[in-house]
Novice: 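One structure follows; several queries about it will come next.
Here the structure is a predicted model, which means the values were calculated and not measured. For this chain, numbers begin at 1 and follow the sequence in order.
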Amino acid sequence: MIASVAGPVAALGPDTAVVEVGGVGIAVHCTPGTLAGLRVGEPTRLATSLVVREDSLTLYGFAEEDERTVFELLQTASGVGPRLAQAMLAVHSPDALRRAVASGDEKALTAVPGIGKKGAQKLLLDLRDRLGEPVGRPGAPAAVAAAGWRDELRQALVGLGYAPREAEQAVEAVTPLAEADGAEPALPRLLRSALQSLNRAR
């Protein structure tokens, strides 16, 4: 198993980073929050989880080991594959997911694209004894420079499956929130607010 990759960032996409390791570019699928902390040409180290299928090998990357742990635990629930697990971590931090499951918060889970009310109820049952208690690790959310947060957020929403027009509307909806944050709006918080606005619109 590939437990981590380290090296300069060669390229960034809406949901993928290419990390150069020993002269080989390795594509790693990442959440918007993880991608927001990466810069092309700068070194990085990502904790990774390799998902093996009959026709593919896909590497998922995380800024923290705890995110990888939760990513793998989420997939032990019935009906949760790597894409849905990653979408859950794109919307909620590991501790937020632990709190949602511990408190039976359906609303928090339905904020994730692809999870309806019945799905959320099933996940709460499946995950109740698997995620454990919040670990309460300190740490600020990844910040995005003011000039680029719109593009970062738009790409993140498109990467989660929303149409470009929907993504643009959501970006406009959270603009006041971003402006209130000042020079460095926090992408994970903006993403959560954007998803809430999209859910209300549907």
Novice: Can you name the nearest heavy-atom pair linking Thr16 to Ala27, along with the distance?
Specialist: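 Taking every non-hydrogen atom into account, CG2-CB, 3.9 Å.
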
Novice: Would you name the heavy atoms of Ala6 and Val19 that are closest together and state the gap between them?
Specialist: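 Nearest pair, atom of Ala6 first, then Val19: C-CG1, 4.1 Å.
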
Novice: If Ile, Leu, Val, Met, Phe, Trp and Tyr residues are connected whenever their side-chain heavy atoms lie under 4.5 Å apart, and connections chain through other members, are Val51 and Leu46 in the same group?
Specialist: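 In one cluster: no.
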
Novice: For residues Met88 and Tyr162: do they belong to one hydrophobic cluster (side chain heavy atoms under 4.5 Å, members Ile, Leu, Val, Met, Phe, Trp, Tyr)?
Specialist: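 Same hydrophobic cluster.
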
Novice: Got a salt bridge between Arg45 and Glu64, using NZ or NE/NH1/NH2 to carboxylate O under 4.0 Å?
Specialist: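 Looking at Arg45 and Glu64, the cut-off is not met.
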
Novice: Are Val101 and Leu125 linked, directly or through other ILVMFWY residues, by side chains that come within less than 4.5 angstrom of each other?
Specialist: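 In one cluster with Val101: Leu125, no.
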
Novice: With rounding to the nearest 0.5 angstrom, report the CG to CG distance, Leu127 to Leu97.
Specialist: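 Going from the CG atom of Leu127 to the CG atom of Leu97 covers 8.5 Å.
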
Novice: side-chain contact (heavy atoms from CB on, under 4.5 Å) between Leu84 and Ile115: does it pass, once the steps are laid out?
Specialist: CA-CA 9 Å; Leu84 183 56; Ile115 299 180; 3.8 Å; yes

Novice: Test Thr58 against Leu50 for side-chain contact (heavy atoms from CB on, under 4.5 Å), laying out the working first.
Specialist: CA-CA 6 Å; Thr58 308; Leu50 180 64; 6.0 Å; no

Novice: Determine, stepwise, if the pair Leu123 / Val80 fulfils side-chain contact (heavy atoms from CB on, under 4.5 Å).
Specialist: CA-CA 9 Å; Leu123 282 171; Val80 178; 3.3 Å; yes

Novice: Using the rule given for side-chain contact (heavy atoms from CB on, under 4.5 Å), can you reason through Leu59 versus Ile2, listing the C-alpha separation, both sets of side-chain angles and the distance that settles it, and then say yes or no?
Specialist: CA-CA 8 Å; Leu59 201 60; Ile2 302 174; 4.1 Å; yes

Novice: So which atom in Val40 and which in Ala11 form the shortest heavy-atom distance, rounded to 0.1 Å?
Specialist: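 In terms of heavy atoms, the two residues are closest at CG2-CA, 4.2 Å.
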
Novice: In this structure, would Leu74 and Leu195 fall into the same cluster of hydrophobic residues linked by side-chain contacts under 4.5 Å?
Specialist: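 Yes.
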
Novice: Heavy atoms only: give me the nearest Pro113-Val91 pair and the separation to one decimal.
Specialist: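 Scanning both residues completely, I find the closest heavy atoms to be CD-CG2, 4.1 Å.
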
Novice: Search all heavy atoms of Pro176 against all heavy atoms of Ala173 and return the closest pair with its distance.
Specialist: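 Closest approach of Pro176 to Ala173: CD-O, 3.6 Å.
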
Novice: If you measure from CG on Leu109 to CG on Leu124, what distance do you get to the nearest 0.5 Å?
Specialist: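 Leu109 CG to Leu124 CG: 5.0 Å, rounded to 0.5 Å.
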
Novice: Supply the atom-to-atom distance Arg98 CZ to His92 NE2, rounded to the nearest 0.5 angstrom.
Specialist: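 Reported to 0.5 Å precision, the distance equals 14.0 Å.
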
Novice: Could you check Phe71, Tyr60, Phe62 and say which one makes a ring-ring contact (aromatic ring centres under 6.0 Å, His included) with His29?
Specialist: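 Testing His29 for a ring-ring contact (aromatic ring centres under 6.0 Å, His included) against Phe71, Tyr60, Phe62 leaves exactly one candidate, Tyr60.
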
Novice: Is a side-chain donor-acceptor pair under 3.5 Å present for Ser49 with Glu72?
Specialist: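 Judged by distance alone, the side chains do pair up.
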
Novice: For the pair Ser103 (side chain) and Arg99 (backbone), establish whether a donor and an acceptor sit closer than 3.5 Å, ignoring hydrogens and angles.
Specialist: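 Checked: pair present.
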
Novice: Any donor and acceptor pair, going by atom type alone, linking the side chain of Thr48 with main-chain N or O of Ser4 inside 3.5 Å?
Specialist: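 Checked: pair present.
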
Novice: Just by modelled atom types, is the Val171 backbone N or O under 3.5 Å from a matching donor or acceptor in the Thr175 side chain?
Specialist: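 Here the side-chain-to-backbone pair exists.
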
Novice: Any side-chain heavy atom of Arg53 sitting closer than 4.5 Å to one from Pro82?
Specialist: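 Side chain of Arg53 against side chain of Pro82, heavy atoms only: contact under 4.5 Å found.
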
Novice: Regarding Lys117 and Thr110, is there a side-chain donor-to-acceptor distance under 3.5 Å anywhere?
Specialist: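 Result is no, nothing qualifies.
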
Novice: Can you list the steps and then say if Asp126 with Arg130 is a salt bridge (charged side-chain N to carboxylate O under 4.0 Å, His left out)?
Specialist: CA-CA 8 Å; Asp126 285 352; Arg130 303 186 191 186; 5.1 Å; no

Novice: Hey, any chance Leu190 and Leu35 share a hydrophobic cluster, counting ILVMFWY side chains that come within less than 4.5 Å of each other, even indirectly?
Specialist: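 Leu190 does not cluster with Leu35.
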
Novice: Would you call Glu65 and Arg68 a salt bridge, using N to O less than 4.0 angstrom?
Specialist: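 A salt bridge links Glu65 with Arg68.
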
Novice: Backbone N or O of Ala63 within a donor-acceptor pair of the Glu67 side chain at under 3.5 Å?
Specialist: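 Present.
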
Novice: Taking all non-hydrogen atoms of both residues into account, name the closest pair between Leu177 and Ser193 and its distance.
Specialist: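 That would be CD2-OG, 3.2 Å.
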
